[in-house]
Amino acid sequence: MSFYGVELASRLMLGTSQYPSPAILSEAIRASGAEVVTVALRRESGATLAGQGFWSIIRDLGVRALPNTAGCHSVKEAVTTAHMARELFGTPWIKLEVIGEDDTLQPDLFGLVEAARILTGDGFQVFPYMTEDLFVASKLLEAGCEVLMPWGAPIGSGRGLNNPFGLRTLRAHFPDVPLVIDAGIGLPSHAVQAMELGYDAVLLNTAVAKARDPVMMAKAFAQAIEAGRAAWQADPMEPRDMAAPSTPVIGKALLG
């Protein structure tokens with residue numbers, strides 16, 4: 001799997017918030033095998049250096065940081081945050097979020113496209129958090145994005161894939177674009193479903209961080225990702241409306 005020319009072995013990406021402790025965060029990331037973790041700029045406090053301990057953990061784990069613009073509600077706010085994140089984390093990668101609705105945290109798709117165009121023009125490699133909208137996807141690609149991150153369901157809801165048809169259609173329309181399910185994943189079975197649709201990766205946070213045993217859940221998601229990807233590569237059978245016997249009936253004895 002490749003994002004902006006960077007080859008990755010793991011198709012599981014993790015968020016880093018809400019964990020019970022830094023030690024459990026570290027153990028969960030190791031157990032997941034994730035090579036990319038999202039980090040929020042607000043964790044780093046320039047005045048008090050309160051976030052330096054967290055940033056040290058990420059560096060020591062040897063994973064790649066994907067800064068995000070979480071909590072931004074305008075194009076200006078998102079662009080400013082992205083520039084600050086690039087300076088702090090030293091990466092052109094940015095997970096772009098422009099929130100348009102507070103109850104569902106649904107992205108502002110108009111602002112998202114505008115911000116993506118500005119940031120790609122500024123040399124960023126943008127990972128846009130979006131809905132499964134085909135038109136918006138095409139506009140984001142035109143704006144310079146090389147990866148798309150449609151939601152499965154609202155952030156933190158754990159509802160899984162609310163619109164499998166829309167996600168399947170998005171995959172079919174853009175077969176060569178890396179697609180990552182971002183948000184709404186609550187169970188390993190949801191991750192399996194995403195991978196069986198042919199998606200390239202899954203990004204999640206709350207499902208692992210808020211589990212009773214985050215480390216065990218991280219392992220479960222790692223296994224689910226592998227199983228779902230293998231199933232997609234094996235070309236699953238199509239569902240049928242009627243039964244189809246698995247045992248041949250030819251040569252079966254007829255009793256009079």
Side-chain angles (χ1 to χ4, degrees), residues 3-4 13 15 17 36-42 65-89 91-157 159 161-185 194 197 199-206:
F3 293 146
Y4 291 102
M13 306 161 70
S17 65
V36 176
V37 298
T38 59
V39 291
L41 183 65
R42 63 178 176 271
L66 175 59
N68 64 33
T69 62
C72 293
H73 286 73
S74 70
V75 172
K76 181 178 180 181
E77 186 180 11
V79 169
T80 300
T81 301
H83 278 274
M84 294 171 65
R86 181 166 64 178
E87 181 176 347
L88 181 60
F89 295 108
T91 176
W93 281 16
I94 192 73
K95 182 191 170 199
L96 180 60
E97 298 182 28
V98 183
I99 300 302
E101 205 281 320
D102 287 332
D103 288 334
T104 63
L105 299 180
Q106 180 170 326
D108 171 357
L109 299 177
F110 301 100
L112 182 68
V113 173
E114 182 181 351
R117 184 173 292 109
I118 293 170
L119 290 173
T120 55
D122 289 341
F124 284 88
Q125 296 171 336
V126 178
F127 295 69
Y129 163 63
M130 55 177 287
T131 63
E132 65 279 15
D133 188 288
L134 291 175
F135 181 73
V136 171
S138 66
K139 290 299 181 184
L140 287 167
L141 294 174
E142 290 174 9
C145 297
E146 297 181 15
V147 179
L148 299 176
M149 303 184 79
W151 67 353
I155 295 171
S157 67
R159 297 184 59 86
L161 306 186
N162 275 352
N163 185 7
F165 172 79
L167 293 169
R168 185 181 295 110
T169 302
L170 189 67
R171 175 75 285 175
H173 273 69
F174 303 103
D176 300 322
V177 176
L179 299 180
V180 181
I181 293 293
D182 174 21
I185 298 296
L197 290 177
Y199 276 70
D200 296 281
V202 170
L203 170 58
L204 58 95
N205 185 98
T206 309

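Computed from a predicted structure; not experimentally measured. In this chain, numbering begins with 1 at the start of the sequence shown.
In terms of heavy atoms, V98 sits closest to A78 at CG2-CB, 3.9 Å. Between E101 and D103, the closest heavy-atom pair is OE1-N, 3.1 Å. For the residue pair G111 and D108, the shortest heavy atom distance occurs at N-OD1, 3.0 Å. N162 and A153 get closest at one heavy-atom pair: ND2-CB, 3.6 Å. Residues P128 and V126 share a closest heavy-atom pair of CD-O, 3.4 Å. Smallest separation of non-hydrogen atoms from G15 and T38: CA-OG1, 3.1 Å.
A donor-acceptor pair is defined here as one N or O able to donate and one able to accept, closer than 3.5 Å; such a pair exists between the side chain of N205 and the backbone of S17.
Here L105 contributes atom CG and H73 contributes atom NE2; the two are 7.0 Å apart, rounded to the nearest 0.5 Å. Rounding to the nearest 0.5 Å gives a distance of 4.5 Å between CG of L167 and CD1 of I181. From L204, atom CG reaches atom OG1 of T206 across 8.5 Å, with rounding to the nearest 0.5 Å. Taken to the nearest 0.5 Å, the CD1 atom of I185 stands 9.0 Å off from the OG atom of S157. In this structure, the separation between CE on M84 and OG1 on T69 is 12.5 Å, given to the nearest 0.5 Å. The OH atom of Y129 lies 12.0 Å from the CG atom of L96; values are rounded to the nearest 0.5 Å.
Looking at T131 and Q106, their side chains come closer than 4.5 Å, going by heavy atoms from C-beta outward. With a 4.5 Å cut-off on side-chain heavy atoms, C72 and T80 do not count as touching.
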For residues 168-180, please give each side-chain donor-acceptor pair under 3.5 Å, one per line with the distance, not counting sequence neighbours.
from	atom 1	to	atom 2	distance (Å)
T169	OG1	F165	O	2.8
R171	NH1	G198	O	3.1
R171	NH1	D200	OD2	2.8
R171	NH2	F174	O	2.6
R171	NH2	P175	O	3.3
R171	NH2	V177	O	2.6
H173	ND1	T169	O	3.1

Please list every donor-acceptor pair under 3.5 Å in which a side-chain atom of residues 136-152 meets a protein atom from a residue at least two apart or in another chain.
from	atom 1	to	atom 2	distance (Å)
S138	OG	F135	O	2.6
W151	NE1	E132	OE1	3.0

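Using a 4.0 Å cut-off between charged side-chain N and carboxylate O, K95 and D182 make a salt bridge.
The aromatic rings of W93 and Y4 sit tilted relative to each other, their planes meeting at an angle between 30° and 60°.
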